[in-house]
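Reviewing the structure listed below.
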Amino acid sequence: MKILILGNMGYVGPSVIDQLRATYPDAELIGHDIGYFAHCLANPSYLPETKLDRQIFGDVRDIPGELFEGMDAVINLAGISNDPMGNKYEEVTLDINFRATIRAAKLAKDKGVKNFVFASSCSMYGLADDSPRKESDKLNPLTAYARSKVMAEENLEPLAANDFVVTCLRFATACGWSSRFRLDLVLNDFVAGALVNKQISILSDGTPWRPMINTKDMARAIDWGVSREASNGGKFLAVNAGSNDWNNKIYALAEATASVIPGVDISVNPHAPPDKRSYRANFDLFKKLAPNHQPKEDLLSTVNEIKTNLVEMNFNDPNYRNSQFIRLKVLGLLQSKGLLSSNLQWVKSAGHR
Ligand SMILES: NC(=O)c1ccc[n+]([C@@H]2O[C@H](COP(=O)([O-])OP(=O)(O)OC[C@H]3O[C@@H](n4cnc5c(N)ncnc54)[C@H](O)[C@@H]3O)[C@@H](O)[C@H]2O)c1
């Protein structure tokens, strides 16, 4: 088994490497990443990429076709991966998340790759009524990020064939621990705030629905996509990836956090403009098609996992919303130092430090 993982050096990548190594101990695993956040480690005891056979630094926008030669499966995690970054770098987001994804899929198909797994997002449901969104429901992408995922899915579909099986996993919002931990994700932010500031400050009024998934469970779903047969879900499949038990209102996430870390104030922002994103997702199809790769983590175990790891690394930055654990800040800092150009390419001659 030979698997190429694009965008492996982010938040989700380390869990994917762990999962694939466990399922395929002898597989050849190759990572490819531009390395925007390679340095943003949360004090792991080893570099996650050491479990790979090879790490390649490169830009997925001009990835060479030869890299796909001999691969059985390609997983595409590479992307500008949230709404704030998508808003700031709108055209780059379309280039990387949509155009580069289609280019990579075409190269993979040309080279005889059997499975292509795309990290899509439930955020394409945008604002929905209270009934959980099914895959066949109307999409309502409200941001550049969500639009880029919709365009990628739409243009992946015609490429799919019985010998080129495409799986788009529409992930719920990620949470949980990672060697490249993030604090720009709602549950992770709540746990850090509770721990360091004894305060959970909800940026909205707390009422929006937000399905969640632990990164380890994302990796389990990706593992399923890597070997999915066309007979199980079709040659092209876009499926909500998560669990019906993990549809929560934002306020409930704060309450769960406060139940694990007592003595915490929860504040909402009554003056915040209404959060434009609120949706529940229906995960029945994923349960039916992937019964052996269902989420195993739950909300309280995830809060505990984040808490334990933050305590272990002596995390005590009260100003963490401006730290290297916020991806938008990292990109801004790299640009302000002249290390990244306006279209997020490395300026190799910059930064003699
Ligand atoms: N985190 C979530 O809540 C969530 C939810 C649903 C879907 N997803 C999707 O899953 C994927 C992985 O998410 P993540 O949280 O690990 O994101 P991340 O931002 O932490 O990691 C993305 C990785 O892609 C790499 N990358 C970006 N542009 C690149 C380029 N031009 N060439 C090569 N590499 C490039 C980055 O360097 C980074 O290592 C993303 O596509 C994201 O949209 C994430």
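FYI, the numbering just counts along the sequence from 1. First listed ligand is number 1; within each ligand, the first listed atom is number 1. Only this structure's heavy atoms are used, side chains among them; waters, hydrogens and symmetry mates stay out.
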When you check the side-chain N and O atoms of E135 and Y125, is any donor under 3.5 Å from an acceptor?
-> no
If you compare G7, A146, G10, G79 by their heavy atoms, the one closest to atom 27 (C) of ligand 1 turns out to be G79
In ligand 1, the atoms that come under 4.0 Å of a heavy atom of I96 are 28 (N), 31 (N)
Judged by heavy atoms only, the candidate from M218, R182, H32, R180 nearest atom 20 (O) of ligand 1 is R182
Any donor-acceptor N/O pair, D137 side chain to K134 backbone, under 3.5 Å | yes
Examine distances only and state if a side-chain atom of W224 and a backbone atom of P291 form a donor-acceptor pair shorter than 3.5 Å.
-> no
Just wondering, are more than 12 heavy atoms of other shown residues or ligands nearer than 6.0 Å to CD in Q345?
-> yes
Enumerated ligand 1 atoms positioned under 4.0 Å from heavy atoms of R327 = 14 (P), 15 (O), 17 (O), 18 (P), 19 (O), 20 (O)
Quick one: nearest non-hydrogen protein atom to atom 10 (O) of ligand 1, plus distance?
-> A119 CB, 3.3 Å
Heavy-atom contacts with G58 under 4.0 Å: which atoms of ligand 1 show up? List them by number with element.
-> 32 (N), 33 (C)
Consider every N or O of D59 and every N or O of ligand 1, then say whether any pair is closer than 3.5 Å.
-> yes
Kindly confirm or rule out an N or O of T173 lying under 3.5 angstrom from an N or O of ligand 1.
-> no
Considering heavy atoms of the protein only, find what lies nearest to atom 28 (N) of ligand 1 and give residue, atom and distance to 0.1 Å.
-> Y36 CE1, 3.4 Å
Quick one: which ligand 1 atoms are inside 4.0 Å of a heavy atom on G35?
-> 37 (O)
Pull out every atom of ligand 1 sitting under 4.0 Å from any heavy atom of V60, numbered as shown with elements.
-> 30 (C), 31 (N), 32 (N), 33 (C)
Should we count NZ of K88 as having more than 12 external heavy atoms under 6.0 Å?
-> yes
R54 atom CZ, over 12 foreign heavy atoms within 6.0 Å | no
For atom 5 (C) of ligand 1, closest protein heavy-atom neighbour = A172 O, 3.4 Å
So is there a nitrogen or oxygen of I80 less than 3.5 Å from a nitrogen or oxygen in ligand 1?
-> no
Within less than 4.0 angstrom of ligand 1, does A100 place any heavy atom?
-> no
Is it true that a side-chain atom of E69 and a backbone atom of G112 form a donor plus acceptor pair closer than 3.5 Å?
-> no
So with a 6.0 Å cut-off around NZ of K249, is the heavy-atom count from everything else above 12?
-> yes
Between L185 and ligand 1, which part of the residue brings a heavy atom under 4.0 Å of the ligand: side chain, backbone, both or neither?
-> side chain
Heavy-atom nearest option to atom 16 (O) of ligand 1, drawn from N76, V16, V12, N8 | V12
What protein heavy atom sits nearest atom 19 (O) of ligand 1, and how far off is it?
-> S81 OG, 2.6 Å
Ionic contact status for D217 with R220, cut-off 4.0 Å = yes
Tell me which protein heavy atom sits closest to atom 36 (C) of ligand 1, plus the residue, atom name and distance to 0.1 Å.
-> D33 OD1, 3.4 Å
Does R182 make a cation-pi contact with F37 (under 6.0 Å, within 45 degrees of the axis)?
-> yes
For D298 and S301, test the side chains for any donor-to-acceptor distance below 3.5 angstrom and give the result as yes or no.
-> yes
Is it the side chain, the backbone, both or neither of S123 that has a heavy atom closer than 4.0 Å to ligand 1?
-> neither
Look at ligand 1 and say whether C175 reaches it with a heavy atom at a distance under 4.0 Å.
-> no
Which of the listed options, Y11, F37, Y145, F171, holds the heavy atom that is closest to atom 44 (C) of ligand 1?
-> Y145
So which heavy atom in the protein is nearest atom 11 (C) of ligand 1, and how far is it from that ligand atom?
-> L77 O, 3.2 Å
Residue, atom and distance of the protein heavy atom nearest atom 7 (C) of ligand 1 read S120 O, 3.1 Å
Purely on distance, is any nitrogen or oxygen of G13 under 3.5 Å from one on ligand 1?
-> no
Plane angle bin for F164 and F116 - parallel if under 30°, tilted between 30 and 60°, otherwise perpendicular | tilted
Distance filter under 4.0 Å to M9 heavy atoms, resulting ligand 1 atoms | 39 (O)
Which ligand 1 atoms are under 4.0 Å away from a heavy-atom of A78?
-> 24 (O), 34 (N), 35 (C)
Taking only Lys NZ, Arg NE, NH1 and NH2, and the carboxylate oxygens of Asp or Glu, determine whether D95 and R61 approach each other closer than 4.0 Å.
-> no
Expected output: side-chain Y251 to main-chain D205 donor-acceptor under 3.5 Å = no
Taking non-hydrogen atoms only, is C122 closer than 4.0 angstrom to ligand 1 via side chain, backbone, both or neither?
-> neither
Any side-chain donor near an acceptor of the partner, R210 and T173, under 3.5 Å | no
Separation of N244 CG from F286 CZ (nearest 0.5 Å) | 11.5 Å
Sole residue of K111, K2, K114 in salt bridge (Lys or Arg N to Asp or Glu O under 4.0 Å) with D72 = K114
Any idea which protein heavy atom is nearest atom 3 (O) of ligand 1, and the distance to it?
-> A174 N, 2.8 Å
Ligand 1 versus I34, non-hydrogen atoms closer than 4.0 Å: side chain, backbone, both, neither?
-> both
